[in-house]
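Here the structure is laid out as structure tokens; the discussion comes afterwards.
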Protein chains: 2
Amino acid sequence: MKITFKGDYALKAVLDLAMYYDKPQSVDEISKRQDIPYKFLEQILLQLKKGRFVKSLRGRNGGYVLAHKPAQITLGQIVRFVDGPVEPISCAFAAKPSPCNYSGNCVLREVFCDIGKMIAEKVDNITFENLKERQKKNIAKTKKYLDYSI
Amino acid sequence: MKITFKGDYALKAVLDLAMYYDKPQSVDEISKRQDIPYKFLEQILLQLKKGRFVKSLRGRNGGYVLAHKPAQITLGQIVRFVDGPVEPISCAFAAKPSPCNYSGNCVLREVFCDIGKMIAEKVDNITFENLKERQKKNIAKTKKYLDYSI
DNA sequence: TTAATATCCTACTAACTATATCGGAATAAT
DNA sequence: ATTATTCCGATATAGTTAGTAGGATATTAA
Ligand code: FES
Ligand code: FES
């Protein structure tokens with residue numbers, strides 16, 4: 001699993017939409033809050049829309065909303081959709097593995113598959129509801145710290 | 001962690017040298033046994049030599065040998081040396097992390113770091129002695145199967 | 001001594017990927 | 001009509017990947 005800037009931006013955008021679940025957020029708002037280049041984010045959200053992770057509302061006061069509840073979207077889904085398989089090498093892909101010649105008993109493959117499964121289990125068990133809650137706690141903690149320091 | 005062809009080839013080459021620990025193996029032999037393009041492998045072995053993972057013997061009857069015992073070389077060392085950090089994104093690099101603006105309390109970073117540590121722990125605890133033993137068992141198993149099927 | 005067999009070294013290339021930017025069309029609210 | 005927004009396709013630029021090419025240098029066997 002290599003997470004590119006694009007993938008990272010996508011995760012941030014989805015998390016942002018999870019935090020503001022109730023009303024549509026414009027590309028501009030997300031872009032500024034998450035510090036993502038506007039035009040790049042535009043592309044990414046369009047892609048996420050094609051993947052049915054978000055919905056859009058066009059025209060004035062438009063923007064994006066999540067297509068599902070945060071608890072129903074996992075980190076793994078977004079990462080796979082934007083950055084491809086989470087396994088470290090193609091012979092270990094869960095979906096469409098392409099092993100080398102010694103395929104059958106390649107020890108490296110066994111190791112790569114182990115690692116792939118570990119990663120998959122992790123990312124498939126983290127939802128954006130989880131992330132949202134953790135984010136809220138982090139913000140509260142920072143606020144507390146700031147309150148004390150003033 | 002994304003393992004490239006180059007990284008995969010490097011691992012195969014080192015494992016091959018671990019299997020034939022006693023005498024030097026030429027690029028040609030390794031290339032044929034492991035099905036790696038000759039010229040590419042040449043480059044890779046030179047790089048591994050710079051990294052002090054292998055030693056070379058020049059001239060006729062020359063070749064490469066491991067610079068250390070298989071038990072002292074880990075999967076992680078080779079992967080890092082050839083393909084870079086095993087963490088999935090730069091803000092989670094153990095060596096030189098470069099976090100985003102919300103650095104301090106970025107939940108995504110926490111997750112990425114968790115995953116990075118998982119991967120690191122795995123690859124740092126697999127030595128080429130381990131791999132060699134597993135490989136031998138696999139070969140024995142295949143042989144047994146072939147013996148029965150004849 | 002010479003031929004054969006090796007490693008060593010630098011440079012080159014073609015295809016692909018990453019990270020955007022640009023310019024405008026379509027849509028909807030005010 | 002004006003303004004704010006999404007939508008869409010093209011372009012750009014730099015870096016990475018997966019090699020290949022051509023020769024220099026070292027060692028040894030005949
Ligand atoms: S099957 Fe992946 S390295 Fe052999
Ligand atoms: S620090 Fe890596 S995404 Fe925020």
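The chains referred to below are lettered A, B, ... by the order of the sequence lines, with proteins before strands, and numbering in each begins at 1.
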- prompt: Between the side chains of B/S31 and B/D28, does any donor sit under 3.5 Å from an acceptor?
  reply: no

message: What is the distance, to the nearest angstrom, from the CG atom on B/L57 to the P atom on D/dT27?
response: 10 Å

- prompt: Looking at D/dT20, D/dC7, C/dA20, which one has an atom nearest to any side-chain atom of A/S56?
  reply: D/dC7

task: Using whole Å, report how far CD1 of B/I44 lies from P of C/dC8.
output: 14 Å

query: Quick one: hydrophobic cluster around A/M118, which other residues, with the 4.5 Å side-chain cut-off, linked directly or via members?
result: B/M118

task: Give a yes/no answer on whether the side chain of B/Y64 brings an N or O atom under 4.0 Å of OP1 or OP2 in C/dC8.
output: yes

message: From CZ of A/F40 over to P of D/dT11, roughly how many Å is that when rounded to an integer?
response: 19 Å

query: Roughly how far, to the nearest 0.5 Å, is the CD atom of B/E29 from the OH atom of B/Y20?
result: 8.5 Å

- prompt: Where along residues 5-27 of chain A does a heavy atom come under 4.0 Å from DNA chain D, residue by residue in number order?
  reply: A/S26, A/V27

Could you list the protein-to-nucleotides 9-16 of chain C atom pairs, N/O on both sides, closer than 3.5 Å?
unit_1, atom_1, unit_2, atom_2, d
C/dA11, N6, B/Q43, NE2, 3.0

field: Main-chain N/O of B/K122 paired with B/N125 side-chain donor or acceptor, under 3.5 Å
entry: no

field: Donor-acceptor contact present, side-chain A/S56 to main-chain A/R58, <3.5 Å
entry: no

task: Rounded off to whole Å, could you give me the CG-to-C1' distance for the A/L41 and C/dT19 pair?
output: 14 Å

field: Distance, rounded to the nearest Å, where A/D28 contributes CG and D/dC7 contributes C1'
entry: 16 Å

Restricting to nitrogen or oxygen on both sides, can you table the protein-nucleotides 27-30 of chain C pairs closer than 3.5 Å?
unit_1, atom_1, unit_2, atom_2, d
C/dA29, O3', A/N61, ND2, 3.4

- line: Applied to residues 59-87 of chain B, the salt bridge (Lys or Arg N to Asp or Glu O under 4.0 Å) test, sequence neighbours excluded, yields B/R80-B/D124

query: Going by distance alone, is a donor N or O of one side chain under 3.5 Å from an acceptor N or O of the other, for B/E110 and A/N138?
result: yes

statement: With sequence neighbours left out, the residues meeting ring pair (Phe, Tyr, Trp, His ring centres under 6.0 Å) with A/F128 are none

Atom pair distance, as rounded to whole Å: CG in B/L45 and C1' in C/dC8: 12 Å

task: Report yes or no: does B/R109 contribute a side-chain atom to a donor-acceptor pair with the main-chain N or O of B/C91 at less than 3.5 Å?
output: yes

message: If you apply the rule side chain to side chain donor-acceptor pair (under 3.5 Å), what do you find for A/T127 with A/T74, and how did you get there?
response: CA-CA 4 Å; A/T127 70; A/T74 68; over 6 Å; no

query: Is B/K12 salt-bridged to B/D16, going by a charged N under 4.0 Å from an acidic O?
result: no

Between P of C/dT17 and CD1 of A/I3, the distance in whole Å: 18 Å

field: Atom pair distance, as rounded to whole Å: NZ in A/K2 and P in C/dT19
entry: 6 Å

